[in-house]
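Every chain is numbered from 1, with letters handed out A, B, ... down the list of sequences.
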Amino acid sequence: MQLHDTLSNTRRELLPALADDGVVRLYVCGVTPYSESHVGHALHAIVFDVLRRYLDWRGIPVRHVQNFTDIDDKLIDRANRLGVPMSDLAEQNIEDYFRQLRAMNVQPAHVYPRVTEVVPQIIEFIQGLIAKDFAYDSGGDVYYRVRKFGAAYGALSKRDVDDLLSGARIDPTELKSDPLDFALWKTAKPGEPSWESPWGQGRPGWHIECSAMALHSLGEQIDIHGGGADLVFPHHSNEIAQTEAYTGKPPFARIWVHNALLQLSGDKMSKSLGNLVTIADALERYGGDALRMFVITSHYRSPSSYTDEAMDAAKTGVERLRNAAFRAGASGGEVLDAGATREAFIEAMEDDLNTPRALAALFDLTRDINRATDAGGNTAAARATLRELCDVLGLSLQATSSSAQQAAPFIDLLVTLRTDLRAAKQWQLADRVRDGLLELGIEVKDGPDGTVWQAK
RNA sequence: GGUGGAGUGGCCGAGUGGUGAGGCAGCGGCCUGCAAAGCCGUCAACACGGGUUCGAUUCCCGUCUCCACCUCCA
């Protein structure tokens with residue numbers, strides 16, 4: 001499989017995996033659980049879930065790690081404002097996030113490390129950097145010597161280290177010896193959660209957290225490091241600098257995979273307040289499959305905009321796939337072969353996870369299935385393939401909500417009654433039943449083999 | 001200002017030096033008691049100006065516009 005690598009700006013072959021055991025090591029920068037997750041986080045989760053699912057499906061062993069940054073400035077601020085412990089706030093948001101991942105049919109990562117679980121390892125990491133003179137203690141803060149790492153520091157973000165100087169943040173309270181240096185450890189301020197360290201009470205900086213968690217959950221070198229494109233600089237640049245300086249084993253990651261960010265346009269009025277759409281909003285309005293369809297409709301490196309029109313189209317598209325995947329068909333007749341679809345699907349996915357093209361193959365198969373079914377052909381195997389490939393993309397194709405499930409006996413009764421009315425050519429009454437059900441979100445469809453219904 | 005990316009038919013969105021992407025919507029037809037679903041047909045694009053080429057949406061140059069990053073962010 002070929003994946004675009006941000007560092008070399010080229011496509012790289014994923015296999016073979018770096019480690020002897022052949023397991024692809026995948027580290028993805030996760031969320032900071034300081035507030036509700038928005039659809040951008042959903043896109044991120046779905047993109048890497050599709051990658052993970054595809055590798056699983058191809059029989060490629062993968063170890064997927066995604067962290068939670070549960071020590072963080074914003075987390076501290078918000079917890080203080082709410083008057084709750086930082087850990088409670090983080091826990092609450094992590095629980096919500098997990099629930100939403102399930103609703104989006106995202107397979108859990110193998111490990112979800114948290115910063116609070118690896119503080120001793122972080123301290124050890126920093127000590128190692130100090131021992132190699134890549135870091136220095138300055139009044140209880142510890143900073144990383146960016147200059148010492150050299151020009152390689154700007155490689156990922158394609159920036160010249162000297163150019164970075166002009167943009168470097170100057171905070172008078174910090175005790176850096178060079179403006180480019182960044183904090184590995186921060187002295188505790190009053191009211192902040194803190195941990196004991198050789199440099200006094202304090203807490204880790206953001207960047208060192210991910211380096212330490214990746215190192216301790218996957219090892220010194222990994223195959224894929226993923227995250228949002230907004231993390232390229234400085235977060236991932238810093239990760240490379242820290243980890244490679246510490247281990248002395250470049251490259252830290254063979255392939256850097258960055259998903260483009262979701263635009264939240266179309267809502268000009270609330271621009272000032274941040275026109276964020278939460279995952280919960282999107283799920284309630286369109287459902288997990290539609291959200292996922294929206295994401296995989298475009299390539300993960302192309303920025304896309306979340307709009308109602310796009311979501312409506314995605315939802316309708318899912319229904320088209322679902323209708324074909326579960327369409328009743330004849331068991332006799334000519335057997336429809338889906339082999340070409342499978343090949344096209346794999347070819348697209350191998351090509352830097354080209355989900356739009358993979359999806360196009362599935363829609364082609366959908367048309368073939370419908371056509372063959374109309375012609376009395378045997379599409380059972382083709383439909384099974386469609387369902388299988390949809391599953392690789394993480395589309396659940398589940399039509400019926402739990403509430404509709406509970407009402408199923410009553411709906412069945414109404415539908416049976418309506419069938420009797422139709423047999424008696426009582427069209428007006430039959431239509432009243434159908435219209436009434438539609439208003440309740442139940443769609444009734446009459447086919448040659450009888451009437452079926454499903455929740456819209 | 002710097003770095004990177006993008007401008008494709010009504011909308012979303014792939015891709016390619018010359019062959020139909022795909023989806024959603026529209027239109028006409030078939031099917032249906034009527035619908036829905038489905039099928040067939042149809043419509044239409046490659047920001048602008050140059051250049052290379054037998055031929056460019058696809059390569060090169062320029063212009064315009066948009067976005068991201070350069071500060072916390074998936």
Side-chain angles (χ1 to χ4, degrees), chain A residues 6 9 28-32 34-35 37-48 66 69 72-75 77 154 156-160 162-171 206 226-235 237 258-263 265 274 293-294 296-305 307-324 327 344 348 351 354-364 366-367 369-375 422-423 425-428 430-431 434-435 438 443-448 451-454 456:
Chain A
T6 308
N9 202 24
V28 180
C29 280
V31 299
T32 302
Y34 74 97
S35 68
S37 299
H38 60 258
V39 285
H41 298 122
L43 177 142
H44 166 258
I46 289 168
V47 163
F48 287 99
Q66 181 173 316
T69 307
D72 170 86
D73 288 345
K74 281 196 209 171
L75 207 46
D77 288 349
L156 187 73
S157 58
K158 311 286 180 288
R159 290 186 173 91
D160 192 284
D162 291 320
D163 290 343
L164 287 168
L165 229 174
S166 59
R169 168 162 97 183
I170 300 146
D171 184 336
W206 175 38
D230 51 345
L231 299 184
V232 171
F233 187 88
H235 186 56
S237 303
H258 291 105
N259 64 275
L261 301 188
L262 186 66
Q263 318 289 316
S265 60
M293 175 64 90
F294 166 75
I296 61 181
T297 278
S298 65
H299 186 82
Y300 75 90
R301 287 193 290 112
S302 304
S304 50
S305 287
T307 62
D308 292 343
E309 297 75 40
M311 289 301 293
D312 284 333
K315 188 172 184 183
T316 311
V318 172
E319 278 168 22
R320 178 168 163 80
L321 292 177
R322 186 174 60 219
N323 284 335
R327 196 174 161 179
D351 182 15
N354 195 325
T355 52
R357 238 168 67 207
L359 206 50
L362 298 194
F363 277 111
D364 285 342
T366 295
R367 193 185 55 245
I369 287 171
N370 286 325
R371 212 185 278 173
T373 305
D374 288 348
R422 292 181 65 224
K425 297 197 189 298
Q426 296 280 331
W427 306 125
Q428 278 196 337
D431 289 353
R434 185 175 61 194
D435 294 346
L438 188 61
E443 187 177 36
V444 176
K445 295 192 275 194
D446 302 320
T451 301
V452 296
W453 63 266
Q454 66 175 28
K456 283 273 305 181

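Using modelled atom types and a 3.5 Å distance limit, the side chains of A:Lys158 and A:Asn9 yield no donor-acceptor pair.
Across the strands present, B:rC59 finds its partner in B:rG51; the criterion is a Watson-Crick or G-U wobble pair with both atom distances under 3.5 angstrom. Using N1 to N3 plus N6-O4 or O6-N4 for Watson-Crick, or N1-O2 and O6-N3 for G-U wobble, each under 3.5 Å, B:rA74 pairs with nothing. B:rC34 makes up no base pair with any nucleotide shown, lacking Watson-Crick or G-U wobble contacts both under 3.5 Å. Look at B:rG20: it lacks any Watson-Crick or wobble partner with both distances under 3.5 angstrom. As the counterpart of B:rC27, B:rG41 is assigned, both hydrogen-bonding distances of the Watson-Crick or G-U wobble pattern falling under 3.5 Å. Of the nucleotides present, B:rA6 is the one that pairs with B:rU65 by Watson-Crick or G-U wobble criteria, both distances under 3.5 Å.
Taking CG of A:Leu438 as the reference point, atom CD of A:Glu443 lies at 6.5 Å (rounded to 0.5 Å). A distance of 11.0 Å separates CD of A:Gln428 from CG of A:Asp435, quoted to the nearest 0.5 Å. Put simply, OG1 on A:Thr316 and CE on A:Met293 are 10.0 Å apart, with the number rounded to the nearest 0.5 Å.
At the heavy-atom level, A:Leu262 lies under 4.0 Å from base atoms of the strands shown. Within the nucleic acid shown, A:Gly227 comes within 4.0 Å of sugar-phosphate atoms alone, with no base atom in reach, counting heavy atoms only. Within the 4.0 angstrom heavy-atom criterion, no nucleotide atom of any strand lies near A:Ser37. Using a 4.0 Å heavy-atom distance criterion, A:Val31 is classed as a sugar-phosphate-only contact. Here A:Val444 lies in heavy-atom contact (under 4.0 Å) with a base. Here A:His38 lies in heavy-atom contact (under 4.0 Å) with a base. Contact annotation for A:Lys74: base contact, defined as any heavy-atom pair under 4.0 Å involving a base atom. Residue contacts for A:Gly447: at a heavy-atom cut-off of 4.0 Å it reaches no nucleic acid atom on any strand shown.
Under a 4.0 Å N-O distance rule, the pair A:Asp312/A:Lys315 does not qualify as a salt bridge.
Within the structure, every side-chain polar atom (N or O) of A:Ser157 is placed at least 4.0 Å from both OP1 and OP2 of B:rG4. Note on A:Thr32: a side-chain N or O is less than 4.0 Å away from OP1 or OP2 of B:rA74. Contact annotation: A:Asn259 does not reach the phosphate of B:rA74 (side-chain N/O to OP1 or OP2, under 4.0 Å).
The separation between A:Phe233 atom CZ and B:rA74 atom P is 17 Å, rounded to whole Å. A straight line from CG of A:Asp72 to C1' of B:rU71 spans 14 Å, rounded to a whole angstrom. For A:Arg320 and B:rG38, the CZ to C1' distance is 8 Å, given to the nearest whole Å. Atom CZ in A:Arg322 sits roughly 16 Å away from atom C1' in B:rC24 (whole-Å rounding). Atom pair A:Met311:CE and B:rC11:C1' shows a separation of 15 Å (rounding to whole Å applied). When the P atom of B:rG23 is taken as reference, atom CG of A:Asn370 falls 11 Å away, rounded to whole Å. Here B:rC72 presents its C1' atom at 8 Å from OH of A:Tyr34, a figure rounded to the nearest Å. One can place CG of A:Leu261 at 7 Å from C1' of B:rA68, the figure rounded to the nearest angstrom.
On the P atoms, B:rC12 is 14 Å away from B:rA47, given to the nearest whole Å. Using C1' as the reference atom, B:rG9 and B:rU57 are 12 Å apart when rounded to the nearest Å. Comparing the C1' positions of B:rG20 and B:rA45 gives an interatomic distance of 14 Å, to the nearest angstrom. Spacing of P atoms, B:rG7 relative to B:rU58, comes out at 12 Å, to the nearest Å. Across the P atoms, B:rG15 and B:rC70 are found 27 Å apart, a figure rounded to whole Å. Rounded to the nearest Å, the gap between the C1' atom of B:rU19 and that of B:rU52 is 23 Å. Taking atom P on both B:rC64 and B:rG22, the two are 36 Å apart, rounded to the nearest angstrom. Taking atom P in both B:rC24 and B:rA36, the straight-line distance is 15 Å, to the nearest Å.
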Report the C-alpha separation of A:Arg371 and A:Asp374 in whole Å, then their side-chain angles, then the decisive distance to 0.1 Å, and conclude whether the salt bridge (charged side-chain N to carboxylate O under 4.0 Å, His left out) test is met. CA-CA 5 Å; A:Arg371 212 185 278 173; A:Asp374 288 348; over 6 Å; no

Evaluate the salt bridge (charged side-chain N to carboxylate O under 4.0 Å, His left out) criterion for residues A:Arg367 and A:Asp364: first the C-alpha distance (whole Å), next the side-chain angles of each, then the deciding distance (0.1 Å), finally the verdict. CA-CA 5 Å; A:Arg367 193 185 55 245; A:Asp364 285 342; 3.6 Å; yes

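Proximity of the aromatic rings of A:His38 and A:His41 is defined here by a centroid distance below 6.0 angstrom, and this criterion is met.
Not a single donor-acceptor contact under 3.5 angstrom links the side-chain atoms of A:Arg371 to the base of B:rC40. For a distance-only test at 3.5 Å, the side chain of A:Asp431 qualifies as a donor-acceptor partner of the base of B:rG33. A donor-acceptor contact under 3.5 Å is formed by the side chain of A:Arg422 with the base of B:rG33.
At distances below 3.5 Å, not a single donor-acceptor pair connects side-chain atoms of A:Asp351 with backbone N or O atoms of A:Asn354.
Listed nucleotides: B:rC34, B:rC69, B:rC11. Nearest to the side chain of A:Asp446: B:rC34. Proximity note for A:Thr316 (side chain, C-beta onward) versus B:rC24, B:rC69, B:rC67: the nearest is B:rC24. Minimum atom distance to the side chain of A:Asn354 is reached by B:rG15, of the listed B:rG5, B:rA25, B:rG15. Set against B:rC11, B:rU3, B:rG22, the side chain of A:Arg367 has B:rG22 as its closest nucleotide. Comparing B:rA37, B:rA74, B:rC34 by their closest approach to the side chain of A:Asn323 singles out B:rA37. Residue A:Leu231 places its side chain closer to B:rA74 than to any other of B:rG38, B:rC70, B:rA74. You'll find that the side chain of A:Arg327 is closest to B:rG38, out of B:rG38, B:rA37, B:rG13. The A:Lys158 side chain lies nearest to B:rG4 when the options are B:rG33, B:rG22, B:rG4. Checking B:rG38, B:rU3, B:rG13 against every side-chain atom of A:Ser298, the shortest atom distance belongs to B:rG13. Ranking B:rC69, B:rG5, B:rA21 by closeness to the A:Ala360 side chain, first place goes to B:rA21.
Ring-to-base geometry places A:Trp427 in a stacked arrangement with B:rG33 (centre distance under 5.5 Å, plane angle under 30°).
At least one side-chain heavy atom of A:Ser304 sits under 4.5 Å from a side-chain heavy atom of A:Leu43.
The residue among A:Ser302 and A:Arg159 whose nearest nucleotide of RNA chain B is located toward the 5' end is A:Ser302.
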